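See structure below.
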Amino acid sequence: MTVCRGCCCGTARTVPRFDHAGQLARLRAAVADQATVRVSDCLDACAHANVMVVQPSPAGRRAGGRPVWLGLVNDHDADADIAAWIRAGGPGLAGLPPVLDLYEVTPPRRIREQLA
């Protein structure tokens with residue numbers, strides 16, 4: 001899992017009154033046995049701060065899973081829902097919970113072109 005903490009994500013300027021450091025700590029603790037939570041510089045999706053990308057596990061990738069981009073993740077309940085999905089297997093192994101449909105965003109064109 002990659003959590004953007006670049007120019008906009010993870011800043012009080014963009015998302016005020018939110019514990020950004022606490023979000024990272026909670027996510028790391030919640031998925032410690034299943035995934036690594038990495039911090040990235042800007043993922044170029046600033047309009048959707050805070051942005052996270054959940055990558056499939058090796059088994060999930062073999063099952064056809066692809067990275068899922070989530071945006072506007074500025075709610076502790078969303079953090080818990082994301083962590084529960086990862087613990088259930090994540091992309092390729094567990095369907096995206098309907099509540100997380102609300103957070104799914106399309107990667108920026110620059111990123112999509114690099115992946116093509």
Side-chain angles (χ1 to χ4, degrees):
M1 167 179 216
T2 303
V3 178
C4 184
R5 286 297 187 258
C7 63
C8 298
C9 294
T11 68
R13 183 185 85 244
T14 305
V15 184
R17 297 178 302 281
F18 186 76
D19 181 4
H20 299 281
Q23 180 182 49
L24 283 175
R26 283 187 303 278
L27 287 168
R28 285 181 168 138
V31 301
D33 295 336
Q34 290 84 19
T36 301
V37 177
R38 292 177 291 280
V39 173
S40 172
D41 198 14
C42 186
L43 292 172
D44 203 23
C46 301
H48 303 289
N50 289 336
V51 174
M52 299 178 185
V53 182
V54 180
Q55 294 91 359
S57 66
R61 187 162 297 280
R62 285 191 298 276
R66 295 292 173 256
V68 175
W69 284 61
L70 303 169
L72 303 173
V73 184
N74 307 314
D75 178 278
H76 301 306
D77 290 337
D79 296 340
D81 292 333
I82 293 166
W85 177 47
I86 291 170
R87 287 192 306 272
L93 298 178
L96 185 69
V99 69
L100 292 181
D101 282 342
L102 300 170
Y103 295 94
E104 191 170 13
V105 297
T106 302
R109 182 176 8 167
R110 179 181 63 82
I111 302 296
R112 290 192 314 266
E113 289 170 355
Q114 290 174 356
L115 297 174

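Quick caveat: nothing in here was measured; it's all calculated off a predicted structure.
Rounded to the nearest 0.5 angstrom, Ile82 CD1 and Arg87 CZ are separated by 11.5 Å. Taken from SG in Cys4 to CG in Asp41, the straight-line distance is 7.0 Å, to the nearest 0.5 Å. Atom CD of residue Gln55 and atom CZ of residue Arg61 lie 8.0 Å apart, to the nearest 0.5 angstrom.
Trp85 is listed as a side-chain neighbour of Val68, based on a closest heavy-atom distance under 4.5 Å. When side chains are defined from C-beta on, Val54 counts as touching Pro91, because their heavy atoms get closer than 4.5 Å. Within the 4.5 Å cutoff, no side-chain heavy atoms of His48 are placed close to those of Leu70. Side-chain contact check for Met52 versus Thr2: every heavy-atom pair is 4.5 Å or farther apart. In this structure, the side chains of Val53 and Met1 stay at 4.5 Å or more apart for every pair of heavy atoms. Within the 4.5 Å cutoff, the side chain of Leu24 has heavy atoms near those of the Val3 side chain. Contact annotation: the side chain of Val15 approaches that of His20 to within less than 4.5 Å [non-hydrogen atoms, C-beta and beyond].
Shown here for Ala94 and Ala88, the closest heavy-atom pair between the two residues is CB-O, 3.6 Å. When all heavy atoms of Pro67 and Pro56 are compared, the closest pair comes out as N-CD, 3.7 Å.
Remark: the backbone N or O of Ala49 is paired with a side-chain donor or acceptor of Asn74 at under 3.5 angstrom. Within the 3.5 Å criterion, the main-chain N or O of Cys9 finds no donor-acceptor partner in the side chain of Asn50. In terms of modelled atom types and a separation under 3.5 Å, the side chain of Thr14 and the main chain of Thr11 share no donor-acceptor contact.
Hydrophobic clustering (side-chain heavy atoms under 4.5 Å, transitive across Ile, Leu, Val, Met, Phe, Trp, Tyr) groups Val37 together with Tyr103. Leu72 and Phe18 fall into different hydrophobic clusters, defined by Ile, Leu, Val, Met, Phe, Trp and Tyr side-chain heavy atoms under 4.5 Å apart, directly or through other members. In the hydrophobic cluster analysis, where Ile, Leu, Val, Met, Phe, Trp and Tyr join through side-chain heavy atoms closer than 4.5 angstrom, Val73 is grouped together with Val99. Linking ILVMFWY residues whenever their side-chain heavy atoms come closer than 4.5 Å, directly or via other members, leaves Val39 and Leu43 in distinct clusters. Leu100 and Val31 fall within the same hydrophobic cluster, where Ile, Leu, Val, Met, Phe, Trp and Tyr residues are linked whenever their side-chain heavy atoms come under 4.5 Å apart, directly or through other members.
Side chains of Arg5 and Gln23: a donor-acceptor N/O pair is present below 3.5 angstrom, by distance only.
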Practice item. Could you walk me through whether Thr106 and Trp69 pass the side chain to side chain contact (heavy atoms under 4.5 Å, CB included) test, one step at a time? Key: CA-CA 7 Å; Thr106 302; Trp69 284 61; over 6 Å; no

